[in-house]
Amino acid sequence: MTSTAPALTTAPEDAVLPGQRGGTDVSAAGRPIRRHEWTRDVLACLAFLALAGWLTLGLWPDPDTRTLALNPPDQILYEWFLAHDTMLWSGDFSLVTDRLNAPYGVNLLANTTVILLGGLLAPVTAAYGAATTFALLVALNLAGTAIAWYLLLHRTLGASRIAAAVGAAFCGFAPGMVSQSNSHLHMTAQWLIPPMLWCVVELARAARSGTARPRRFIACGVLFGVLVSLQVFIGEETLFLTALALAIVTVTYVAIVRPPRAVLARFAAGLSLAVAVAVALLAYPLWVQFKGPQSVSDGVFSPHYFSADLAGFTAFSPLTLAGDDTAAKLTTGPAEYNTFLGWPLVLLSLGLLVWLRRDALAAACGAGALAMSALALGPQVTLQHERTPLPGPYRLLMHLPVVDGALPMRFALAAIPLLAVLLVLALRQAARSDLRGVRVGVPALVAAALLPLFPTPLPTKDRPAVPVFFADGLWRQCATDGDVIVPVPLPTPEQPLPMRYATSALTAFALPEGFFIGPHGPDGKATMGIQKRTTSWVLSEVARTGVVPAINDDHRLDARKDLTMWNAACVVLTPGHPRHAELQRTLEALLGPGTPSADVLYWPRTW
């Protein structure tokens with residue numbers, strides 16, 4: 001999110017990106033790259049992978065029976081997405097799926113799906129299950145983001161190896177990133193962002209050099225558009241936050257440096273080419289998302305609730321060395337420690353901004369970080385849980401299309417790479433200083449600010465195995481591929497456990513209701529899930545209270561109507577629920593005796 005700066009000023013006219021010059025590997029500054037330097041880069045990347053593996057170690061004894069302890073429902077949702085993405089390989093895939101919320105379906109792009117990730121790892125999912133793919137992605141997203149930033153900072157922007165490693169580690173493993181790793185794969189998959197910025201750097205360099213390399217200029221514009229399109233199928237919210245932060249940084253930088261208009265015009269032409277490519281590639285998917293079946297026109301989450309507490313910026317995340325659980329009250333949940341930078345890093349960042357105030361890139365990054373952090377405060381500033389009279393800058397963006405789909409508190413995530421670049425610039429400036437106190441003091445201060453933020457392993461816990469009836473494919477006794485199975489209890493946003501049963505079958509059968517975003521509120525307003533029908537409401541009340549109602553003919557008629565509307569092939573009572581006996585009596589009163597199979601009872605279609 002900061003790449004235009006060195007491209008416009010600090011890089012020499014003949015600077016090239018890592019590649020070939022006369023058969024010799026060269027760095028961004030044209031310096032020959034020795035082979036052992038590549039080895040050091042590989043070791044740095046392996047270190048990022050090792051750290052990510054250690055943070056997710058709790059999932060690996062058995063991914064099928066282990067879960068992230070702090071956000072299990074979202075893990076179930078993403079595992080279902082990953083299982084469904086295997087259909088990309090079979091050709092039976094649609095952006096509006098009929099395998100959830102039968103018979104209405106679910107618009108996948110209106111939800112936080114990770115279609116590209118699921119498609120790429122579909123062979124892993126098919127062989128080892130969606131839980132294994134999920135565990136892999138939690139780790140790979142963190143490591144991949146850090147690796148991509150390391151290569152951009154070191155090989156493209158010319159930072160020293162140590163400075164690049166520090167900045168990249170913060171980009172990949174900052175408290176907000178580790179917190180979002182509690183099931184939010186769409187937010188942590190940021191490894192395409194640095195390649196996008198690589199394209200921006202090249203476009204800016206080409207714009208400055210005129211028409212010296214027109215083919216490279218066009219290629220970078222096209223590649224940029226392709227990468228943007230791919231990111232849409234990983235995480236649109238991340239793409240939106242990146243674009244907004246990049247716009248703020250670029251405008252600030254241009255206002256400070258004031259490059260020639262001809263340079264700006266050529267740079268704008270390159271960006272226009274990227275936009276044209278992205279629009280061409282995304283025209284149909286975006287139509288499906290915003291105008292297609294089961295699309296939503298508004299955000300489902302309240303910006304007033306999902307706003308950052310001002311006190312959170314100086315707090316330490318409970319998922320870091322210096323953290324404790326008391327800070328958790330400053331946010332909405334363990335997946336949203338987005339602003340928890342700790343007071344040492346906040347003070348250091350402000351001090352570095354003052355120290356580097358003459359550096360245009362540092363000033364632009366600082367402006368971007370401050371702007372995104374301010375937007376994270378939402379429409380009204382909150383301090384220690386108390387609403388203050390101060391309006392937040394986010395109020396200016398409320399109700400704008402697309403913006404209301406992003407949670408305000410997540411705007412702070414875009415400040416992470418901006419702060420990382422600020423740290424890299426400070427380390428570079430300190431290394432060039434003639435004062436020993438500066439050369440030693442600045443790295444020491446950076447280490448002191450970052451050490452308390454070192455992440456701790458993600459908390460995990462056991463979860464029950466999927467019933468044998470589903471895991472071993474016995475569900476085919478009452479249904480075939482594409483049929484609807486009604487599990488009891490039915491899946492809901494609060495209790496999505498039954499979605500795991502369809503996940504184990506790679507979503508070969510469909511489910512009614514479930515955990516998703518859809519247009520099922522008044523006037524098509526966005527909702528989480530769908531309103532319960534009479535039968536699902538009766539069963540949910542039995543599951544909640546343990547009280548079996550007096551079933552009469554009206555209940556049985558409602559059950560037949562609901563099952564017919566769902567086009568259900570069978571009803572399955574799954575094991576392990578605390579109210580299993582009461583649910584069985586209710587179903588027998590509604591549908592008659594069930595058929596035992598393995599560890600379930602099922603009722604085939606007779607209605």
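Positions are given from 1, in the same order as the sequence printed here. It should be emphasised that the depicted structure is a prediction, and the values quoted were computed from it without experimental measurement.
Between Phe509 and Phe470, a ring centre-to-centre spacing shorter than 6.0 Å is recorded. Under the 6.0 Å cut-off for aromatic ring centres, Phe306 and Phe301 qualify, their centroids lying closer than that.
Within the 3.5 Å criterion, the main-chain N or O of Asn182 finds a donor-acceptor partner in the side chain of Asn71. Between the side chain of Asn101 and the backbone N or O of Val106, no donor-acceptor pair lies under 3.5 Å. Between the Thr527 side chain and the Gly518 main chain, a donor and an acceptor come within less than 3.5 Å of each other. Not one N or O on the side chain of Thr145 forms a donor-acceptor pair closer than 3.5 Å with the backbone of Gly172. Panel note: side chain Ser90, backbone Met87; a donor-acceptor pair is recorded below 3.5 Å. Judged by distance alone, with hydrogens and angles left aside, the side-chain atoms of Trp191 form no donor-acceptor pair with the main-chain N or O of Asn141 at under 3.5 Å. At distances below 3.5 Å, not a single donor-acceptor pair connects side-chain atoms of Thr331 with backbone N or O atoms of Ala328. A donor-acceptor pair is defined here as one N or O able to donate and one able to accept, closer than 3.5 Å; no such pair exists between the side chain of Asp92 and the backbone of Leu88. The backbone N or O of Pro489 sits nowhere less than 3.5 Å from a side-chain atom of Ser540 that would complete a donor-acceptor pair. Side chain of Gln180 to backbone of Met187: no donor-acceptor contact under 3.5 angstrom is found.
In terms of heavy atoms, Thr586 sits closest to Pro549 at OG1-CD, 4.4 Å. Taking every heavy atom of both residues into account, Cys478 and Ala569 meet most closely at O-CB, 3.6 Å. The minimum heavy-atom distance linking Pro318 with Tyr337 is given by the pair CD-CE1, 3.5 Å. The shortest non-hydrogen separation linking Ile517 to Ala526 is CG2-CB, 4.5 Å.
Side-chain polar atoms of His186 and Thr113 form no donor-acceptor pair below 3.5 angstrom. For the residue pair Thr125 and Thr86, no side-chain donor N or O sits within less than 3.5 Å of a side-chain acceptor on the partner. Donor-acceptor pairing under 3.5 Å is lacking for the side chains of Glu236 and Gln231. Using a 3.5 Å distance cut-off with no hydrogens or angles, the side chains of His385 and Asp309 do not pair a donor with an acceptor.
Taking 4.5 Å as the limit, some side-chain heavy atom of Leu375 sits within range of a side-chain heavy atom of Leu244. Between Pro72 and Gln75, the closest side-chain pair of non-hydrogen atoms is not below 4.5 Å. Side-chain contact check for Ser229 versus Leu282: some heavy-atom pair is nearer than 4.5 Å. Between Asp98 and Tyr104, every side-chain heavy-atom pair lies at or beyond the 4.5 Å cut-off. Side-chain contact between Leu319 and Pro457 is absent, with no heavy atoms from C-beta onward closer than 4.5 Å. A 4.5 Å side-chain heavy-atom check between Leu137 and Leu121 finds at least one atom pair inside the cut-off. Residues Phe134 and Ser183 form a side-chain contact, since some pair of their non-hydrogen atoms from C-beta on lies under 4.5 Å apart. Using a 4.5 Å cut-off on side-chain heavy atoms (C-beta onward), Val279 and Leu286 make no contact.
With values rounded to the nearest 0.5 angstrom, Leu120 atom CG is found 12.0 Å from Ile115 atom CD1. Once rounded to the nearest 0.5 Å, the distance linking CZ of Arg99 with CG of Leu108 reads 11.5 Å. The OG1 atom of Thr574 lies 9.0 Å from the CG atom of Asp599; values are rounded to the nearest 0.5 Å. Atom CG of residue Leu563 and atom CG of residue Leu591 lie 6.0 Å apart, to the nearest 0.5 angstrom. Going from atom CG of Asp324 over to atom OG1 of Thr326 covers 3.0 Å, rounded to the nearest 0.5 Å. Separation of atoms CG (Leu458) and CG (Leu57) is listed at 10.5 Å; rounding is to 0.5 Å.
Sequence neighbours left out, the pairs with a member in residues 573-607 that pass ring-ring contact (aromatic ring centres under 6.0 Å, His included) are Phe469-Tyr602. Every pair passing side-chain hydrogen bond (donor to acceptor under 3.5 Å, both in side chains) that includes a residue from residues 546-557 is listed here, sequence neighbours excluded: Asn552-His555, Asp553-Arg556.
Taking the charged nitrogens against the carboxylate oxygens, Arg463 and Glu79 do have a contact shorter than 4.0 Å, which makes a salt bridge. Using a 4.0 Å cut-off between a side-chain N of Lys or Arg and a carboxylate O of Asp or Glu, Glu582 and Arg585 do not qualify as a salt bridge. A salt bridge links Asp481 and Arg476; the closest N-O separation between the charged side-chain nitrogens and carboxylate oxygens is under 4.0 Å. Between Arg533 and Glu513, none of the side-chain N atoms (NZ, or NE/NH1/NH2) sits under 4.0 Å from a carboxylate O, so this pair counts as no salt bridge.
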Verdict with reasoning, Ser536 to Asp562, per side-chain contact (heavy atoms from CB on, under 4.5 Å): CA-CA 9 Å; Ser536 56; Asp562 292 340; over 6 Å; no
side-chain contact (heavy atoms from CB on, under 4.5 Å) between Trp89 and Asp85, intermediate numbers included: CA-CA 8 Å; Trp89 291 65; Asp85 291 339; over 6 Å; no
Worked verdict on Val178 versus Thr188 for side-chain contact (heavy atoms from CB on, under 4.5 Å): CA-CA 8 Å; Val178 175; Thr188 59; over 6 Å; no
Pair Thr56-Trp60, side-chain hydrogen bond (donor to acceptor under 3.5 Å, both in side chains): steps then yes or no: CA-CA 7 Å; Thr56 58; Trp60 290 111; 3.3 Å; yes
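Between His520 and Phe516, the angle of the ring planes goes over 60°, which puts this pair in the perpendicular group of the 30/60° scheme. Relative orientation of the Trp54 and Phe454 rings is tilted, given thresholds of 30° and 60° on the angle between their planes. Ring orientation note: the planes of Phe81 and Tyr78 are nearly perpendicular, at an angle over 60° on the 30°/60° scale.
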